[in-house]
Amino acid sequence: MEEFYSFGEIEKRWQAIWAERGVFECHEDEGKQKFYCLEMYPYPSGKLHMGHVRNYAIGDAIARFKLMNGFSVMHPMGWDAFGLPAENAAIERGIHPAKWTYANIDNMRDQFKRIGYSFDWSREVATCDPSYYRWCQWLFLQMLKKGIAYRKTTDVNWCESCRTVLANEQVESGNVCWRCGKEVEIREMEGWFLKITDYADELLSHHEKLSGHWPDRVLTMQKNWIGRSEGAYVDFPLVNSERKIRVFTTRPDTLFGATFMVLAPENPLVIEIADSSERRQELQRFADKAKHADIIERTDIGIPKEGCFTGSYAINPMTGEKIPIWVSDFVLWGYGTGAIMSVPAHDQRDFEFARKYDLPIRIVIAPEGRDLDPGKMTEAFEAVGRMVNSSAFNGLSSDVGIREITRFLEEKGIGEHAVTYRLRDWGISRQRYWGTPIPVIYCDSCGTVPVPETDLPVILPQDISFDWSRGGNPLNQALEFVSTTCPVCGKPARRETDTMDTFIDSSWYFSRYCDPRNDQQIVDPKKNDYWLPVDQYIGGIEHAVMHLLYARFIHKIIRDLGYSKTDEPFANLLTQGMVCLEVLRCPRDGYLYPDEAIDNGNGSYTCRMCGSEAEVGRSEKMSKSKRNTKDPEDYLARFGADTIRMFSLFAAPPVRDLDWSDSGVEGVFRFLKRIWRFVFDHLELLKNCAAENVIEFLPGTGSTDELRQKTHAAIKRISQDFDGRYRFNTSISACMEIVNYLYAMEIPEGGHPDYSATRAVVREAVRAMIQVLNPFAPHIMEELWSLLGGSALLATGPWPAWDEAIAREKMIEIPVQVNGKIRTRLEVPADTPDEILEELVRNDETVNSWLNGQSIGKIIIVPNRLINVVIKK
RNA sequence: GCCGGAAUGGCGGAAUUGGCAGACGCAAGGGACUUAAAAUCCCUCGGCCUUUAAGGCUGUCCGGGUUCGAUUCCCGGUUCCGGCACCA
């Protein structure tokens with residue numbers, strides 16, 4: 001053993017041994033309990049960043065812990081390899097997307113291996129490989145067959161900077177592209193959609209299975225996104241026409257208060273019902289304006305809503321009254337029926353609209369214990385109450401009224417109970433090259449024809465020109481790809497040139513890992529049944545509604561196709577926090593790299609370029625644009641893989657954001673060196689302790705008993721931390737305490753009467769430390785394990801057991817309070833009976849001095865924790 | 001506007017079920033070793049007050065409440081972060 005911890009050589013050696021022996025390669029083993037540990041696979045952007053290091057360090061700790069505990073562990077890795085950056089690189093630098101992507105994959109795989117993650121590389125997949133995307137295409141064909149995939153022309157979100165359509169989930173803050181941050185525009189386009197709305201109810205109700213296993217906020221975000229609302233459809237007949245206008249309302253109890261109607265400008269009825277050609281033109285202009293209005297302006301709550309009268313009237317089916325029909329852009333064409341009944345007394349938007357255009361307001365819901373006056377109201381009364389001005393329904397409470405009115409509507413055939421969702425169907429067509437080709441063919445005679453399954457995969461052509469000046473998707477220019485023959489009639493036909501949203505690729509990759517080389521089917525159902533669901537899924541919160549909703553949806557389709565028995569793909573979800581660092585900002589030169597500023601040592605920084613004082617901003621997510629990134633490679637070279645892994649687990653609990661700290665990294669490095677040196681300094685005493693299964697303990701001194709107790713308590717604590725709590729920062733600190741204790745302890749020389757007793761306890765402690773730290777710093781621990789005589793690999797265990805009796809402290813210092821303030825402490829054996837404690841307290845000098853001659857009211861004893869003496873009032 | 005989450009020393013964080021606030025680490029200060037530096041080891045370290053020892057008061061965003069006892073539970077508020085934002 002060398003005196004100094006040479007991490008570089010140690011890490012390289014053990015990585016080679018693990019790979020050689022295939023320790024992390026897994027297979028279905030019915031004799032063992034399985035554990036599927038998965039971190040969200042990365043986009044191969046070129047190199048790993050600190051967020052990756054952390055994400056995979058968390059998963060690796062869990063996977064390694066399970067492996068040491070005898071589970072059959074699957075911990076796979078692959079690449080979310082289709083996507084825009086590859087294509088942009090091709091345009092900017094003339095490198096083919098495939099070449100760029102595979103070069104990045106090679107580099108990142110090499111980085112992963114040098115960090116020593118316990119991935120089963122034999123299961124690696126890359127979504128841009130035809131053997132993978134073939135099954136995306138197959139899945140699409142199955143959805144087409146079932147009517148889940150369909151084509152329509154509709155308003156879509158178009159990002160000009162990415163030159164493609166985006167799904168609703170991929171538009172942030174109302175109008176911003178999730179990828180590039182630029183504003184999106186609404187365009188009418190034709191494209192492919194998946195009927196995720198068919199699964200809305202199930203996606204929502206299965207939250208029940210996830211509750212308690214997924215973070216509440218992810219479930220809440222999905223719930224809001226799905227946006228279920230329950231109410232009724234109501235038909236309003238038009239005056240002088242056979243036509244009806246159907247509306248959706250969540251408040252049938254307010255139906256008597258509907259004094260006008262409003263249509264969305266896009267609603268085709270608008271033009272149809274206009275009462276004159278003049279009016280028609282006016283309405284057309286209004287609709288055009290609404291269509292081209294800025295999305296933010298149109299949807300901002302604060303801005304008063306413009307409206308336009310159609311000249312037509314409808315009949316309120318309850319009151320029989322004639323009510324005017326208006327048009328306004330606050331009514332959305334994509335939600336409900338694109339038309340509403342307006343109840344200005346009980347809906348704020350309707351109220352504001354009614355005030356602006358002087359439309360009637362009628363109270364039909366009375367709050368408990370007060371009266372409303374339509375003339376004096378300043379806002380709508382939106383809460384529930386008792387029905388008034390509602391004929392036979394007067395006096396009913398809102399909830400009863402909703403039921404009764406709905407029943408009445410159904411009896412009369414003028415409405416029905418209804419559920420609507422905010423969720424829209426998922427638009428998956430992307431007008432870009434680097435994605436999975438959508439396997440359909442357009443034939444002039446036969447229409448839209450699916451590519452026969454036997455012809456899959458439809459290969460993405462490699463020879464392609466990325467000349468955007470010619471407009472549109474580069475695939476359009478690939479004539480050999482586009483021109484084909486119709487599979488039905490054999491006449492010339494053209495292929496679809498749009499590719500699939502890459503979120504499709506990532507919606508089922510966890511299934512493919514179960515059977516990654518299968519070229520007969522998407523996955524062998526037996527293998528899916530063995531491994532799924534993923535027992536622990538780990539990734540960033542940014543995918544709360546995108547990836548995590550899509551994957552749940554696609555998995556249900558895979559289930560319905562008979563390839564899985566599980567309803568939900570991810571049994572437990574952990575969303576890790578971001579890796580953050582303070583930003584440096586110069587008032588003139590913007591964000592600065594650390595070496596662009598001079599550290600004045602007093603917390604202030606000077607910009608090297610212009611000499612002005614740079615502001616130290618708050619800690620923000622590491623990003624290139626803010627220039628506050630740290631390259632894992634630098635730390636790998638200076639401290640090694642074990643140190644960066646352990647730091648990223650120690651600095652904060654996984655779910656929280658982590659502030660990067662160079663001195664914190666050094667602290668962890670020091671800790672590993674301390675362990676190394678302790679073993680080196682006590683090599684003779686520790687020799688072969690890893691090979692020892694049973695240790696003979698001798699009656700010890702105070703400190704040996706204490707060390708044993710601390711060792712067992714630490715094993716217990718860390719084992720329990722792995723059971724879903726995953727607070728590795730405290731696991732590591734428990735080990736630091738043991739190591740500190742070992743350093744502080746007097747370890748007698750051989751021949752001393754206490755030597756044997758101390759030796760046994762120290763050997764046990766060091767052995768256990770090496771074992772429990774292995775999931776966090778596997779290379780150094782594997783090395784120490786082998787140096788201390790471990791014959792098998794530590795990676796496969798064993799995990800140490802703890803003895804409950806030893807883990808419990810023998811002597812306890814119990815704080816004694818008088819009226820809630822600590823005044824003294826009692827040193828007593830654990831589990832001392834209450835009577836004895838009470839006796840001790842009553843006779844205690846300090847306690848009595850704090851009584852000031854008053855008598856004791858009662859004594860509260862919390863076993864082994866605390867005593868509180870309450871003075872009688 | 002609505003819905004979540006958070007707030008603890010100079011900093012990251014700990015306190016698992018209402019029971020010792022500040023574990024562990026960083027930074028800082030002091031000391032040992034060294035010709036020196038690095039490395040390493042040891043000590044101190046929330047604030048205020050008194051001090052010979054030791055102790056007292058105060059302190060977990062702010063204001064109330066429940067309780068023998070509240071970082072933890074309840075009510076009201078502040079600030080920050082995130083999500084959704086005319087969804088009828």
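Proteins get letters first, then strands, A, B, ... in listed order; numbering begins at 1 in each.
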Exercise for review: Nearest whole angstrom, please: distance from the C1' of rC26(B) to the CG of Asn729(A).
Suggested key: 14 Å

Check your understanding: Side chains of Arg552(A) and His547(A): is there a donor and an acceptor less than 3.5 Å apart?
Key -> no

Practice item. Could you tell me the separation between the CD atom of Glu230(A) and the P atom of rC87(B), rounded to a whole number of Å? Key: 18 Å

Practice item. Pick base, sugar-phosphate or nothing for Arg422(A), based on heavy-atom distances below 4.0 Å to the nucleic acid. Key: base

Practice item. Compare the minimum distances between each of rC41(B), rA88(B), rA15(B) and the side chain of Arg717(A), then state the nucleotide with the smallest one. Key: rA15(B)

Check your understanding: Looking only at atom types and distance, does a side-chain atom of Asn848(A) sit under 3.5 Å from a main-chain N or O of Arg842(A), one as donor and one as acceptor?
Key -> yes

Revision key, fill the gap. Atom CZ of Phe728(A) and atom P of rA23(B) are separated, to the nearest Å, by 23 Å

Point to revise | Closest to the Arg727(A) side chain, choosing from rC84(B), rA14(B), rC42(B) | key: rA14(B)

Check your understanding: Quantified in whole Å, what is the P atom distance between nucleotide rU8(B) and nucleotide rU44(B)?
Key -> 26 Å

**Study point:** rA14(B) and rA7(B), which share atom name P, separated by this distance in whole Å
**Key:** 9 Å

Review point. Closer to the 5' end of RNA chain B via nearest nucleotide, is it Thr337(A) or Glu737(A)?
Key: Glu737(A)

Exercise for review: Using a heavy-atom cut-off of under 4.0 Å over every strand shown, decide if Lys223(A) touches base, sugar-phosphate, or nothing.
Suggested key: nothing

Practice item. Take atom C1' in rG1(B) and the same atom in rU58(B), then report the distance between them in whole Å. Key: 41 Å

Review point. Counting only heavy atoms not in Glu838(A), do more than 12 sit closer than 6.0 Å to its CD atom?
Key: yes

Practice item. Using a heavy-atom cut-off of under 4.0 Å over every strand shown, decide if Lys872(A) touches base, sugar-phosphate, or nothing. Key: nothing

Check your understanding: Does rG25(B) sit syn or anti, given that only angles within 90° of 0 count as syn?
Key -> anti

Point to revise | Distance in angstrom units between Met745(A) CE and rC41(B) C1', rounded | key: 18 Å

Review point. Of all the choices, rC41(B), rC68(B), rC26(B), which nucleotide is nearest to the side chain of Arg677(A) once you look at every atom?
Key: rC41(B)

Exercise for review: For Ile822(A), answer base if it contacts any base atom (sugar-phosphate contacts may also be present), sugar-phosphate if it contacts only those atoms, and nothing otherwise; contact means non-hydrogen atoms under 4.0 Å.
Suggested key: sugar-phosphate

**Study point:** Within 45° cone of Tyr5(A) ring axis and under 6.0 Å: Arg677(A) NZ or CZ
**Key:** no

Review point. When the C1' atoms of rC68(B) and rA54(B) are considered, how many whole Å apart are they?
Key: 28 Å

Check your understanding: With a cut-off of 6.0 Å (strictly less than), are more than 12 heavy atoms of other residues, nucleotides or ligands near CZ of Arg865(A)?
Key -> no

Review point. For atom P, what is the distance between rA21(B) and rU71(B), given to the nearest Å?
Key: 9 Å

Check your understanding: Closest to the Val331(A) side chain: rA88(B), rA27(B), rC41(B)?
Key -> rA88(B)

Review point. What nucleic acid atoms does Asn740(A) come within less than 4.0 Å of, heavy atoms only: base, sugar-phosphate, or nothing?
Key: sugar-phosphate

Check your understanding: Would Thr337(A) and Tyr233(A) count as having a side-chain donor-acceptor pair, cut-off 3.5 Å?
Key -> no

Exercise for review: Give the rounded distance in Å between these two atoms: CG of Leu866(A) and P of rG69(B).
Suggested key: 13 Å

Study note, to complete from the structure: Taken to the nearest whole Å, CG/Leu219(A) to P/rG4(B) is 13 Å

Check your understanding: Can you find a donor-acceptor pair, distance only, under 3.5 Å between Asn224(A) side chain and rC84(B) base?
Key -> no

Revision key, fill the gap. Stems field, RNA chain B, Watson-Crick or wobble, 3.5 Å, at least 3 pairs, by first number, holds B:1-7 with B:78-84, B:10-12 with B:24-26, B:28-32 with B:40-44, B:46-49 with B:55-58, B:61-65 with B:73-77

Check your understanding: Closest to the Lys821(A) side chain: rU58(B), rC41(B), rA15(B)?
Key -> rU58(B)

Exercise for review: Quick one: label Arg656(A) by what it contacts on the DNA or RNA (base, sugar-phosphate, nothing), any heavy atom closer than 4.0 Å.
Suggested key: sugar-phosphate

Exercise for review: Take atom CZ of Arg228(A) and atom P of rA88(B), then tell me their distance rounded to the nearest Å.
Suggested key: 12 Å

Point to revise | Aromatic ring proximity, centroids under 6.0 angstrom, Trp676(A) and Phe4(A) | key: no

Exercise for review: Please lay out, stage by stage, how Phe722(A) and Tyr726(A) fare under the test ring pair (Phe, Tyr, Trp, His ring centres under 6.0 Å).
Suggested key: CA-CA 5 Å; Phe722(A) 268 106; Tyr726(A) 302 142; 7.1 Å; no

Exercise for review: Give Asp657(A) one of three labels, base, sugar-phosphate or nothing, depending on what nucleic acid heavy atoms sit under 4.0 Å from its own.
Suggested key: sugar-phosphate

Review point. Any idea which of rA88(B), rG19(B), rU40(B) is nearest the Arg670(A) side chain?
Key: rU40(B)

Practice item. Under 4.0 Å between any heavy atoms, over every strand shown, what does Arg349(A) touch: base, sugar-phosphate, or nothing? Just pick one. Key: base

Review point. To the nearest angstrom, how far is Ile732(A) atom CD1 from rC26(B) atom P?
Key: 13 Å

Study note, to complete from the structure: Those residues at least two apart in sequence (or on a different chain) that pass side-chain contact (heavy atoms from CB on, under 4.5 Å) with Ser619(A) are Cys580(A), Asp659(A)

Check your understanding: How far does the C1' atom of rC11(B) sit from the matching atom of rG63(B), given to the nearest Å?
Key -> 29 Å

Review point. NA contact type, Asp659(A), heavy-atom cut-off 4.0 Å: base, sugar-phosphate, or nothing?
Key: sugar-phosphate

Review point. Hey, does Trp660(A) reach any base, or is it just sugar-phosphate, or nothing, if we go heavy atoms under 4.0 Å?
Key: nothing

Exercise for review: For Arg823(A), answer base if it contacts any base atom (sugar-phosphate contacts may also be present), sugar-phosphate if it contacts only those atoms, and nothing otherwise; contact means non-hydrogen atoms under 4.0 Å.
Suggested key: sugar-phosphate

Revision key, fill the gap. By nearest-nucleotide position on RNA chain B, the 5'-leaning member of Arg725(A) and Met736(A) is Arg725(A)

Check your understanding: Per the atom types in the model, does the base of rC20(B) pair as donor or acceptor with the side chain of Arg825(A) at under 3.5 Å?
Key -> yes

Check your understanding: Out of rA88(B), rA23(B), rG19(B), which nucleotide sits closest to the side chain of Ile340(A)?
Key -> rA88(B)

Practice item. Would you indicate which nucleotide in rG19(B), rC42(B), rG82(B) comes nearest to any side-chain atom of Arg865(A)? Key: rG19(B)

Practice item. For Glu666(A), answer base if it contacts any base atom (sugar-phosphate contacts may also be present), sugar-phosphate if it contacts only those atoms, and nothing otherwise; contact means non-hydrogen atoms under 4.0 Å. Key: nothing

Review point. Which is true for Ser342(A) with a 4.0 Å heavy-atom rule: it touches a base, it touches only sugar-phosphate, or it touches nothing?
Key: nothing

Point to revise | Within-4.5 Å side-chain heavy-atom neighbours: Phe7(A) and Asp642(A) | key: no

Review point. Does Asp350(A) use its side chain to pair, donor to acceptor, with the backbone of Val343(A) at less than 3.5 Å?
Key: yes

Practice item. Pick base, sugar-phosphate or nothing for Phe650(A), based on heavy-atom distances below 4.0 Å to the nucleic acid. Key: base

Revision key, fill the gap. Winner on side-chain proximity to Thr730(A), out of rA88(B), rA14(B), rC20(B), is rA14(B)

Exercise for review: Could you grab the distance from atom NE2 of His712(A) to atom CD of Glu809(A), nearest 0.5 Å is fine?
Suggested key: 14.0 Å

Point to revise | Pairwise C1' distance for rA27(B) and rG46(B), with rounding to whole Å | key: 15 Å

**Study point:** Tyr335(A) side chain near rA88(B) phosphate (N/O to OP1/OP2, under 4.0 Å)
**Key:** yes

Review point. Expressed in whole Å, how much space separates the C1' atoms belonging to rG13(B) and rU66(B)?
Key: 30 Å

